[in-house]
Amino acid sequence: MRSFIKTLLLFSAAISIVWLQGCKPKGTQSAVSGDAAAKVYVAPGKYDEFYNFVSGGFSGQMSVYGIPSGRLLRVIPVFSVDPEKGYGYSEETKSMLNTSHGFVPWDDLHHIALSETDGIQDGRWVFANGNNTPRIARVDLKTFRTAEIIEIPNSGGNHSSPFITENSEYVVAGTRFSIPMDNSNGDVPINTYKSNFKGTVSFISVDKTTGNMNIAFQILMPGVNFDLARAGKGKSHGWMFFSCYNSERANTLLEQNASQKDKDFIIAVNWKKAEEYLKAGKGKKESVKYAHNTYDEKKHSATSVIETEVTVLDSKDLADMVYMIPCPKSPHGCDTDPSGEYIVASGKLAATIPVFSFTKMQQAIASKTFEGEYEGIPVLKYDAVLYGEVKKPGLGPLHTEFDDKGFAYTSFFVSSEIVKWNVKTLEVVDRVPTYYSIGHLSVPGGPTRKPWGKYVIAYNKITKDRYLPTGPELAQSAQLYSIEGDKMKLLLDFPTIGEPHYAEAIPAELIMKNSQKIYKIEENQNPFAALGDKFARVERKGNEVHVYMTSIRSHFTPDNIEGVKMGDIVYFHVTNLEQDWDMPHGFAVKGANNAELLVMPGETQTLAWKPERVGIFPFYCTDFCSALHQEMQGYIRVSPAGSNVPISFGTGKTDSTTVAAK
Ligand code: RUQ
Ligand code: CUA
């Protein structure tokens with residue numbers, strides 16, 4: 001995608017020069033009609049109709065917007081540390097970012113998948129991929145917090161991920177880079193790519209009740225690059241469709257070398273068949289290493305386990321499990337329509353959009369209408385599977401979403417537009433410009449069996465002149481269009497966090513009713529909790545000093561602490577005793593090489609601090625919690641190593657029980 005993007009950026013640079021010379025798409029301003037403001041206006045105190053979960057790209061986070069207002073509601077830390085929330089900094093959350101490579105505090109989050117039941121969004125979880133160090137995360141939509149992260153072995157660049165099946169049986173991940181398998185000798189010349197490098201697609205099961213993920217199996221694939229995917233639905237439930245590029249299997253200058261062939265592939269995987277093979281013991285257990293991190297909502301802490309085995313099914317040995325469909329020029333998006341009959345492949349360098357038919361694919365498989373084999377996998381005849389082509393739709397098609405009225409919406413990077421077409425007749429019925437260079441797009445419920453329709457949102461790669469300039473880097477931008485009428489209508493621009501890729505939108509009522517307000521103090525099982533002021537204390541264990549601290553409006557207990565010495569590590573275990581919605585307390589101490597804690601009502605979080613000098617160190621609450629928030633503060637005294645200051649602590653003690661250091 002990178003080098004492709006580069007090529008396209010050259011294109012679009014040329015296009016933007018044209019713009020600068022006065023050929024700006026017509027109506028940059030006038031594209032917005034008179035009633036647009038009323039359509040996106042959500043009065044103060046009123047709620048938006050949809051939540052929009054937007055990937056943060058290289059920010060590694062996910063952000064949540066209200067639609068139609070475009071108001072930012074929350075940034076959920078997923079793969080990157082977040083000092084604002086203490087995520088990845090508190091002792092309880094550090095393990096969430098553990099991997100087989102150790103602590104990895106950043107990633108590149110591209111795709112969002114909301115959980116589904118019967119092919120309809122159910123509002124329970126949202127999944128996201130870590131592109132760089134292959135991982136999938138699950139965010140719990142009761143708390144809007146990352147609940148689990150699983151690393152994916154035998155993978156490099158987890159781009160084709162995560163894509164969810166109709167009943168959330170699996171979240172599925174395809175490797176972008178083919179690589180030597182983890183259990184092989186990876187120390188091989190790069191130019192032995194064709195013999196040593198392989199691809200995999202991973203099926204990660206999702207527990208129906210808890211949402212817990214497990215790698216059920218991987219399928220070993222030829223060494224191509226997997227780009228995107230979609231699950232079948234309805235009649236095609238049980239199948240997964242992946243787009244791939246680099247069928248040339250080039251290992252250098254892919255920009256040219258992976259664009260040699262006229263066609264790459266959509267790879268169709270019959271995962272029900274794969275399940276049969278798995279049951280029949282056809283999988284091979286391979287030793288690998290990957291981290292599996294889960295956050296316990298009762299203990300308020302994460303644990304990381306390193307798993308050591310994965311079951312692999314080989315696509316070339318197991319018949320009737322994997323088929324390839326030729327697809328013009330470097331397909332990117334691969335999307336299935338709400339009925340599950342049509343598979344839309346967007347070849348980013350192609351001039352048409354091929355639409356494949358699931359029924360025809362089944363017939364072609366039954367009649368063995370193959371045009372050959374690719375690495376031992378049958379290749380179906382293009383014409384035998386093709387339903388039809390959308391002719392001259394635009395330049396650089398990337399992704400397609402669907403509405404509830406039989407229309408598809410495809411994003412075009414190079415020609416900067418959204419094109420609406422009829423899924424049955426393949427006729428283009430409308431097009432609107434985007435500002436500028438759209439990547440993904442999202443219709444509420446667009447990837448499911450039941451799109452909610454109403455809007456399409458564009459996530460653009462380039463912003464240029466849309467907002468006040470902010471130096472060399474500009475906010476990337478989303479644009480909201482109404483799709484209620486025959487014509488798409490631009491309603492609103494709103495800036496986004498990081499670089500948005502895919503996003504999903506869901507009716508707010510499916511999530512808000514389940515939203516958690518507090519952590520119940522009586523359910524707090526954090527081993528370091530102090531469940532009341534009377535349990536607040538300071539204990540020394542060798543060179544560790546454990547401060548069991550409570551916070552409630554507007555003081556800490558204890559707020560005066562002495563007896564810490566140089567060489568000690570101090571653990572502040574802060575329990576927020578509040579049981580009111582929206583009443584977090586923060587905690588920060590001067591000089592900490594760390595971040596703050598932001599502790600939710602009823603929760604316990606721990607900050608580790610290694611003082612690096614002798615003296616008095618103030619600490620305070622960082623979250624404005626009451627009129628006396630500024631009074632919510634305290635001191636901790638650090639004495640030289642070997643001094644005889646005993647541990648002492650208190651709140652509201654004015655007569656000193658402590659002694660001066662000698
Ligand atoms: S990709 S702009 Cu990383 Cu989803 Cu298509
Ligand atoms: Cu607690 Cu401010």
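Indexing begins at 1, ligand by ligand and atom by atom, following the structure's order.
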Interatomic distance, CD1@I457 vs OH@Y65, rounded to 0.5 Å, equals 11.0 Å
Taking 4.0 angstrom as the limit and counting only heavy atoms of H332, give me the atoms of ligand 1 inside it, by number and element.
1 (S), 2 (S), 5 (Cu)
Taking H546 as the fixed residue, which of F649, Y571, W609 is the one that meets the ring pair (Phe, Tyr, Trp, His ring centres under 6.0 Å) rule?
Y571
For H585, what is the atom name of its N, O or S atom nearest to atom 1 (Cu) of ligand 2?
ND1
Any chance OH of Y467 has more than 12 other-residue heavy atoms, nucleotides or ligands included, within less than 6.0 Å?
yes
Are the side chains of L577 and I521 in touch, meaning some heavy atoms are under 4.5 Å apart?
yes
Report yes or no: does T400 contribute a side-chain atom to a donor-acceptor pair with the main-chain N or O of V344 at less than 3.5 Å?
no
With heavy-atom distances below 4.0 Å as the criterion, list the atoms of ligand 1 near H159.
1 (S), 3 (Cu), 4 (Cu)
Below 2.8 Å, any N, O or S contact between H399 and atom 5 (Cu) of ligand 1?
yes
With heavy atoms under 4.0 Å as the rule, classify the contact between N131 and ligand 1 as side chain, backbone, both or neither.
neither
Of the backbone and side-chain N, O or S atoms of M632, does one lie nearer to atom 1 (Cu) of ligand 2 than 2.8 Å?
yes
Looking only at side chains, do Y502 and N129 share a donor and an acceptor under 3.5 Å apart?
no
Is it true that a side-chain atom of N132 and a backbone atom of D108 form a donor plus acceptor pair closer than 3.5 Å?
no
Below 4.0 angstrom from a heavy atom of L228, which ligand 1 atoms are there? Numbered from 1 as shown, please.
4 (Cu)
Would you say the side-chain atoms of H159 pair up with the backbone N or O of D227, donor to acceptor, closer than 3.5 Å?
yes
Is H629 close enough to atom 1 (Cu) of ligand 2 that one of its N, O or S atoms comes in under 2.8 Å?
no
How open is the angle at atom 4 (Cu) of ligand 1 from atom NE2 of H440 over to atom NE2 of H111, rounded to 10 degrees?
110°
Ligand 1 to H501, heavy atom cutoff 4.0 Å, flagged ligand atoms 1 (S), 3 (Cu)
Can you tell me if H110 has an N, O or S atom under 2.8 Å away from atom 5 (Cu) of ligand 1?
no
